[in-house]
Amino acid sequence: MAQNNYDVIIIGAGSIGTPLAMALAERKLKTLVLEAAASPGQGQNKCAIGGLRATHSDASKIKACLRSLKVFATWEGTHGDDIGWIKGGYLFPVYTENDEKVLKELLKVQRGLGLNIDWVGPEKVKALVPGIAAKDLRGGTWSPDDGSASPLLSVNAFYRRAVKLGAEFHFKEPVKEILSENGVVTGVRTPQALYAAKWVVNAAGAQAAAVSELAGVKVPVKPDCHEAGITEPADRFFEPMVVDIRPGDKSKNYYFYQNWEGQIVFCLTPQPPVWGDDRRSTSEFLPEVSKRMISLMPALANLKVRRTWRGLYPMTPDGFPVVDFPAALKGYVLSVGMCGQGFMLGPGLGEAVAAHIAGSPSAEDKEILAGFRLERSFTGQEKLK
Ligand SMILES: Cc1cc2nc3c(=O)[nH]c(=O)nc-3n(C[C@H](O)[C@H](O)[C@H](O)COP(=O)(O)OP(=O)(O)OC[C@H]3O[C@@H](n4cnc5c(N)ncnc54)[C@H](O)[C@@H]3O)c2cc1C
């Protein structure tokens, strides 16, 4: 039984659990990651299109993502693996007076929190995205330090680093029970074994609510279906992630960029939302998104789509994650409800959660978690979901 004793057990080797394991192992905590799938990133991590931005509307996400961006941007130089990082920036082109007003208001908050972001005029937008529709273009917000990377290359790089630092990963081993005594976590049970630990972290993504039931703690996380697609590769012709926030017929915003291999990767927010865990692609997604993308950038009509897929945002009612140490069960940690941003939040949140578990959180670590408490009203709305 002694070899089954850990400081920390993480449930889920995805966008959140894997970089957290790396941060814990860095602090010399004996860490075990239990993952139901056969390898890292096989849940929602590999459904992400790879967008990485610190351009949010609140301090916690901005600070966590600024940290993440540092990790992604310097990864290859520091650790040697190519994770497909491109510092292409994020561009929100604006075509209506109201959107201009909303984004300019937000700019004040974002700049106040140290983000490198500004309003640019139509000429700059056209230079950043050659061929973008010029009619009614008013300008847009531009954050040049944001970027993109491959979710699967990244999660595997984090996995290898975590293992090198001493973390253990068990695949095809789902957690079936979270064990406790007198209100204190003692470990977990899987079909294969029983493991003891002082801390058990729920990083189970779209399954987070069901996993949290095992600890007797309710979390408002529901899977929300989103589809994405990827084209054949082309020579590079634009750098930023383009986010069009205007509503469409059956959708809210959509966003796309050209990845490190030259493929256009794109994603759409359906309206009304599609709740549930049905991962089958639909016949509605491609006509809706391609119509919108081509009207914004007619040159895209020449590219063939290679495939589409459907994944799940682990959604909370207000669009913010839940990262907390619930008082109801000592030693139980929630790192869930990442909505459409788990890939970009992963490394930054991992550092903040690991610092709390190690008992030495900095002021900024505390500030990051302060915005993600379980005990909140969930009535607000994240402006840049
Ligand atoms: C179409 C689409 C596009 C997206 N684009 C972006 C983007 O550009 N940028 C971005 O930041 N985010 C994006 N996202 C969101 C991102 O994919 C998620 O927020 C993120 O992957 C969630 O991370 P996670 O670690 O919580 O969940 P996951 O990565 O799904 O990891 C959870 C893991 O827990 C495992 N698990 C569950 N239950 C158990 C159990 N009982 N025992 C053991 N293991 C268990 C699962 O198998 C899974 O591997 C996108 C999502 C979709 C669907």
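Because the structure is predicted, anything quoted here is derived from the model rather than measured. Order of listing sets the numbers, starting from 1, for every ligand and every atom in it.
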Kindly write out the residues that satisfy side-chain contact (heavy atoms from CB on, under 4.5 Å) with S251, not counting sequence neighbours, or none if the list is empty.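 Scan of S251 (side-chain contact (heavy atoms from CB on, under 4.5 Å), adjacent residues dropped) gives L268, E288, R292.
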
For T96, the side-chain contact (heavy atoms from CB on, under 4.5 Å) test, sequence neighbours excluded, returns N98, D99

Lys/Arg-Asp/Glu bridge criterion (N-O < 4.0 Å) met for D365, R67: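 Looking at D365 and R67, the cut-off is met.
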
Donor-acceptor pairs under 3.5 Å, side chain of residues 258-266 to any protein atom, not counting sequence neighbours: which ones?
residue: Q258; atom: OE1; partner: F237; partner atom: N; Å: 2.9
residue: Q258; atom: NE2; partner: A234; partner atom: O; Å: 3.1
residue: Q258; atom: NE2; partner: D235; partner atom: O; Å: 3.1
residue: Q258; atom: NE2; partner: G262; partner atom: O; Å: 3.0
residue: N259; atom: OD1; partner: E261; partner atom: N; Å: 2.8
residue: N259; atom: OD1; partner: G262; partner atom: N; Å: 3.1
residue: N259; atom: OD1; partner: Q263; partner atom: N; Å: 3.0
residue: N259; atom: ND2; partner: Q263; partner atom: OE1; Å: 3.3
residue: Q263; atom: NE2; partner: T231; partner atom: O; Å: 3.4

Counting only heavy atoms from other residues, nucleotides and ligands, does the tally under 6.0 Å from NZ of K104 exceed 12?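 Counting neighbours around NZ of K104, more than 12 heavy atoms of other residues, nucleotides or ligands fall under 6.0 Å, so yes.
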
List ligand 1's nitrogen or oxygen atoms that come under 3.5 Å of a protein nitrogen or oxygen, with the partner atom and distance.
residue: ligand 1; atom: 5 (N); partner: I49; partner atom: N; Å: 3.1
residue: ligand 1; atom: 8 (O); partner: G50; partner atom: N; Å: 3.4
residue: ligand 1; atom: 8 (O); partner: G51; partner atom: N; Å: 2.8
residue: ligand 1; atom: 9 (N); partner: G51; partner atom: O; Å: 3.0
residue: ligand 1; atom: 11 (O); partner: Q341; partner atom: O; Å: 3.4
residue: ligand 1; atom: 11 (O); partner: F343; partner atom: N; Å: 3.1
residue: ligand 1; atom: 11 (O); partner: M344; partner atom: N; Å: 2.8
residue: ligand 1; atom: 12 (N); partner: G340; partner atom: O; Å: 3.0
residue: ligand 1; atom: 17 (O); partner: Q44; partner atom: O; Å: 3.0
residue: ligand 1; atom: 19 (O); partner: C339; partner atom: O; Å: 2.7
residue: ligand 1; atom: 19 (O); partner: G342; partner atom: N; Å: 2.8
residue: ligand 1; atom: 21 (O); partner: S15; partner atom: OG; Å: 2.7
residue: ligand 1; atom: 21 (O); partner: N45; partner atom: N; Å: 3.3
residue: ligand 1; atom: 23 (O); partner: S15; partner atom: OG; Å: 3.4
residue: ligand 1; atom: 25 (O); partner: S15; partner atom: N; Å: 3.2
residue: ligand 1; atom: 25 (O); partner: I16; partner atom: N; Å: 2.9
residue: ligand 1; atom: 29 (O); partner: S15; partner atom: N; Å: 3.1
residue: ligand 1; atom: 29 (O); partner: N45; partner atom: N; Å: 3.1
residue: ligand 1; atom: 30 (O); partner: Q44; partner atom: N; Å: 2.6
residue: ligand 1; atom: 41 (N); partner: V175; partner atom: O; Å: 3.2
residue: ligand 1; atom: 42 (N); partner: V175; partner atom: N; Å: 2.9
residue: ligand 1; atom: 44 (N); partner: A36; partner atom: N; Å: 3.1
residue: ligand 1; atom: 47 (O); partner: E35; partner atom: OE2; Å: 2.6
residue: ligand 1; atom: 49 (O); partner: E35; partner atom: OE1; Å: 2.7
residue: ligand 1; atom: 49 (O); partner: E35; partner atom: OE2; Å: 3.1

Do any N or O atoms from the side chain of Q192 and from the backbone of K172 form a donor-acceptor pair under 3.5 angstrom? yes

